[in-house]
Amino acid sequence: MSFAAPHDASTANETAIREGRARARALIREWDLKHAYINGAWQDADSRETLDVIDPARGDVIGAVPFMRTSEARRAIDAAHDAFAGWSRKLAKERAVILRRWRDLLEAHQEDLAALITLEQGKPYDQALREVIGAIAYAEWYGEEAKRAYGQTMPATQRDRRVVVQKHPVGVVAAITPWNFPLTMVVRKCAPALAAGCTVIVKPAEDTPLSALAAAKLAEQAGFPAGVFNVVTGLPQPIAEALTGDERVRMLSFTGSTEVGKRLMAQCAPTMKKLSLELGGNAPFIVMDDADIDAAVAGAMISKFRNSGQTCVCANRIFVQDGVYDAFVSKFIAASKAQTIGNGFVPGTEIGPLINRQAVAKVERLVENARKAGATLVYGAELPGEGHFVRPLVMTDVPHDADCFDEELFAPVAPIYRFSTEAEVIELANRVRTGLSSYLYSRDIGRIQRIADRLETGVVGINDGTTSHEGAPFGGVKESGQGREGGHWGFEEYLEPKYLNYAIG
Ligand SMILES: NC(=O)c1ccc[n+]([C@@H]2O[C@H](COP(=O)([O-])OP(=O)(O)OC[C@H]3O[C@@H](n4cnc5c(N)ncnc54)[C@H](O)[C@@H]3O)[C@@H](O)[C@H]2O)c1
Ligand SMILES: O=C[C@H](O)CS(=O)(=O)O
């Protein structure tokens, strides 16, 4: 399968691309984003080796970061461990002030940070800006939450006893983050951890390390003490082995694929680390006969194609009930055809490139498998492609035993499945090993509640294709992970309760 070329390289588009790239590259240059950040110092790899960072839209090198391995990861653990006593003993209010400064700096630089995200990850600029706004929201939330690590007293069961419950920070936290939200995933983990009094070592995805380094630059300016916030760059395994194998690291917070999550879970077992795992999804998007079809199409477009289909909550299986199937399919194809694909810096672009060649190869494999299994490709032009661009693809008649029923497509490819009854679609929706998010379009409140009660996911969008909220407990069940991010739930992940039992004589 070949891939769409970016929309026409008109003068106006080329100017927008040139200016956007220039803005992002100026940030990389002026903030000197070519060193990792350990113990309050910007450091190179011990070997002086570097890893290139690639623009997924153009395929060219846009930067380079230190290729660090075990020794540098150990130095980061030393720093975080040494800094923990001082940071955890600060008043919650003192930590809150620094977090608020970090939030304000993220906001002050939001447009430059968005340009950096578009350059290293490829998403359209307006979506990148929304990502930065999302990161600001998490930093704001946890700057406030820092002061709410509330304990508890409880009625004594003996006259000469009193019980007091306190909350204590877990300790040193390792945070391993994905490439699809290169800034928000860092802030969504580090803000609650830092608010709780933990110290953090971040290992960002090797495809998108620059946003994490930019976050560190602003953390330094915000006043986090040396060793409290560290970023180690490089290929994952040697760094992750050091982080998971060291007993001084008391928690791993990981966002990424279920496959890697399982591996890291096993690596953490010997040192009994606390885990927060935000793993893979495979969202069912359910459209009932009584749904508002136009609203369902609009919601499916957002849920399917946001971030070029590269989010953990993207609709991965679209289920449409018999009575509205033909109407939905024709409207959805028309809307898909209208999507503007190309370089994320061009205003109005809705779909950018996939992150890398492996992602393109994966979607090629899944589409070819579905076609051979009997799926019909009802829209998806065979265009000469370049880079990592994949035009929106709509498939119908997809068999339930096609690989894409169980695997995340992580691309702008929409498999549509027909169903007849509530019971059938609930069984189909739940027939997978993951359970992160799901979507349900209906106007019958009884039907909505009946189905939502039985969907095996951590998040349900009701007549809505997006579900992000910094105060809500985001996370999944089954093989989508454990733990939650967002709100007080995300804060408690980084706290341990301790109860004091007083004999008062
Ligand atoms: N649940 C969520 O909140 C959420 C959010 C974003 C992405 N995801 C999931 O992440 C996946 C896509 O992201 P991805 O491709 O970056 O995932 P990935 O698992 O390949 O990589 C995620 C992170 O893990 C690191 N990593 C990779 N292999 C490793 C190993 N063997 N040991 C240690 N670390 C390793 C990577 O360098 C990266 O930093 C999808 O499955 C998506 O659903 C989930
Ligand atoms: O990709 C995973 C993100 O968590 C999706 S969202 O930004 O939280 O909706």
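Index from 1, following the sequence. As the structure lists them, so they are numbered: ligands from 1, and atoms in each ligand from 1. Since we're looking at a predicted model, the values are computed, not measured.
In this structure a side-chain-to-backbone donor-acceptor pair under 3.5 Å is present from Asn230 to Gly227. No side-chain donor-acceptor contact under 3.5 Å links Thr457 to the backbone of Val460.
Cation-pi geometry between Lys34 and Trp42 is not met at under 6.0 angstrom from the ring centre and within 45 degrees of the axis.
Between Glu241 and Thr70, the side chains place no donor N or O within less than 3.5 Å of an acceptor N or O (distance only, hydrogens not considered). Residues Thr271 and Lys273 bring a donor and an acceptor atom of their side chains to less than 3.5 Å of each other. Between Thr244 and Gln267, the side chains place a donor N or O and an acceptor N or O closer than 3.5 Å (distance only, hydrogens not considered). One side chain, Asn307 or Gln121, offers a donor N or O that lies under 3.5 Å from an acceptor on the other. Side-chain contact annotation: Arg454 with Asn430, donor-acceptor N/O pair under 3.5 Å absent. Looking at Ser253 and Lys189, their side chains do bring a donor and an acceptor atom within 3.5 Å of each other. Side-chain atoms of Gln43 and Arg75 form a donor-acceptor pair, as typed in the model, at a separation below 3.5 Å. Looking only at atom types and distance, the side chain of Asn282 has no donor-acceptor partner in the side chain of Thr434 under 3.5 Å away.
At the top of the distance list for atom 8 (O) of ligand 2, counting protein heavy atoms only, stands Arg188 NH1, 3.2 Å. Among all non-hydrogen protein atoms, the one lying nearest atom 28 (N) of ligand 1 is Val260 CG2, 3.6 Å. Among all non-hydrogen protein atoms, the one lying nearest atom 2 (C) of ligand 1 is Cys312 SG, 3.4 Å. Protein heavy atom nearest atom 6 (S) of ligand 2, with residue, atom name and distance: Ser468 OG, 3.6 Å. For atom 36 (C) of ligand 1, the closest non-hydrogen atom on the protein side is Lys203 NZ, 3.6 Å. What sits closest to atom 44 (C) of ligand 1 on the protein, heavy atoms only, is Leu279 O, 3.1 Å. Regarding atom 3 (C) of ligand 2, its nearest protein heavy-atom neighbour is Cys312 SG, 3.3 Å. Protein heavy atom at the shortest distance from atom 43 (O) of ligand 1 is Glu408 OE2, 2.6 Å.
Looking at Ile239, Thr177, Thr434 and measuring to atom 38 (C) of ligand 1, the nearest heavy atom belongs to Thr177. Relative to atom 11 (C) of ligand 1, the option among Ala359, Ser437, Ala175, Ser257 with the closest non-hydrogen atom is Ser257. The option with the heavy atom closest to atom 14 (P) of ligand 1, from among Trp179, Phe254, Phe474, is Trp179. Comparing heavy-atom distances from atom 32 (N) of ligand 1 across Leu277, Leu264, Val202 singles out Leu264 as nearest. With Pro236, Pro204, Ala212 as candidates, the residue nearest to atom 26 (N) of ligand 1 on a non-hydrogen basis is Pro236.
Here Arg306 has side-chain heavy atoms under 4.0 Å from ligand 2, and that is the only part of it that gets that close. Contacts of Asn307 with ligand 2, taken as heavy-atom pairs under 4.0 Å, are absent altogether. Under 4.0 Å from ligand 2, not a single heavy atom of Glu278 appears. With a 4.0 Å cut-off on non-hydrogen atoms, Thr311 touches ligand 2 through its backbone as well as its side chain.
The aromatic rings of Phe332 and Phe305 sit parallel, their planes meeting at an angle under 30°, below the 60° perpendicular limit. The aromatic rings of Phe328 and Phe285 lie tilted to each other, with the angle between the two planes from 30° to 60°. Classification of the Phe491-Tyr142 ring pair by plane angle, with boundaries at 30° and 60°, yields tilted. Using the six-membered ring where Trp is involved, Tyr37 and Phe229 have ring planes that are tilted, between 30° and 60° apart.
The side-chain heavy atoms of Cys404 and Met395, taken from C-beta on, include a pair separated by under 4.5 Å.
Counting the atoms of ligand 1 from 1 in the order shown, those under 4.0 Å from a heavy atom of Ala240 are 33 (C). The contact set between ligand 1 and Leu436, taken as ligand atoms under 4.0 Å from a residue heavy atom, comprises 1 (N). Shown in contact with Ala205 at under 4.0 Å from a heavy atom are these atoms of ligand 1, numbered in order with element: 38 (C), 39 (O). Every atom of ligand 1 with a heavy atom of Gln237 under 4.0 Å away is listed here by number and element: 30 (C), 31 (N). The ligand atoms of ligand 1 that sit less than 4.0 angstrom from a heavy atom of Gly281 are 43 (O). In the vicinity of Glu278, heavy-atom distances shorter than 4.0 Å reach the ligand 1 atoms 1 (N), 2 (C), 3 (O), 4 (C), 44 (C). Close contacts of ligand 1 with Glu206, meaning ligand atoms under 4.0 Å from a residue heavy atom, involve 36 (C), 37 (O). The ligand atoms of ligand 1 that sit less than 4.0 angstrom from a heavy atom of Ile176 are 23 (C), 24 (O), 25 (C), 39 (O).
Close N/O approach between Asn180 and ligand 2 is found [any backbone or side-chain N/O within under 3.5 Å]. Looking at Gly256 next to ligand 1, an N or O pair under 3.5 Å apart turns up. On a distance-only criterion, Ser480 and ligand 1 share no N/O pair closer than 3.5 Å. Checking only distances, Pro178 never comes within under 3.5 Å of ligand 1, N or O to N or O. Close N/O approach between Asn180 and ligand 1 is not found [any backbone or side-chain N/O within under 3.5 Å]. For ligand 1, the polar-atom distance check against Thr255 finds no nitrogen or oxygen pair separated by under 3.5 Å. Close N/O approach between Gln267 and ligand 1 is not found [any backbone or side-chain N/O within under 3.5 Å].
Here the closest heavy-atom approach between residue Lys123 and residue Pro182 is recorded as NZ-CD, 4.5 Å. Nearest heavy-atom pair, Leu275 versus Glu493, reported as atom, atom and distance to 0.1 Å: O-OE1, 4.2 Å.
A heavy-atom separation below 4.0 Å is not found between Gly476 and ligand 1. Arg188 counts as a contact of ligand 1, since one of its heavy atoms falls under 4.0 Å from the ligand.
Here the straight-line distance linking atom CG of Leu113 with atom CG of Leu106 works out to 6.5 Å at 0.5 Å rounding.
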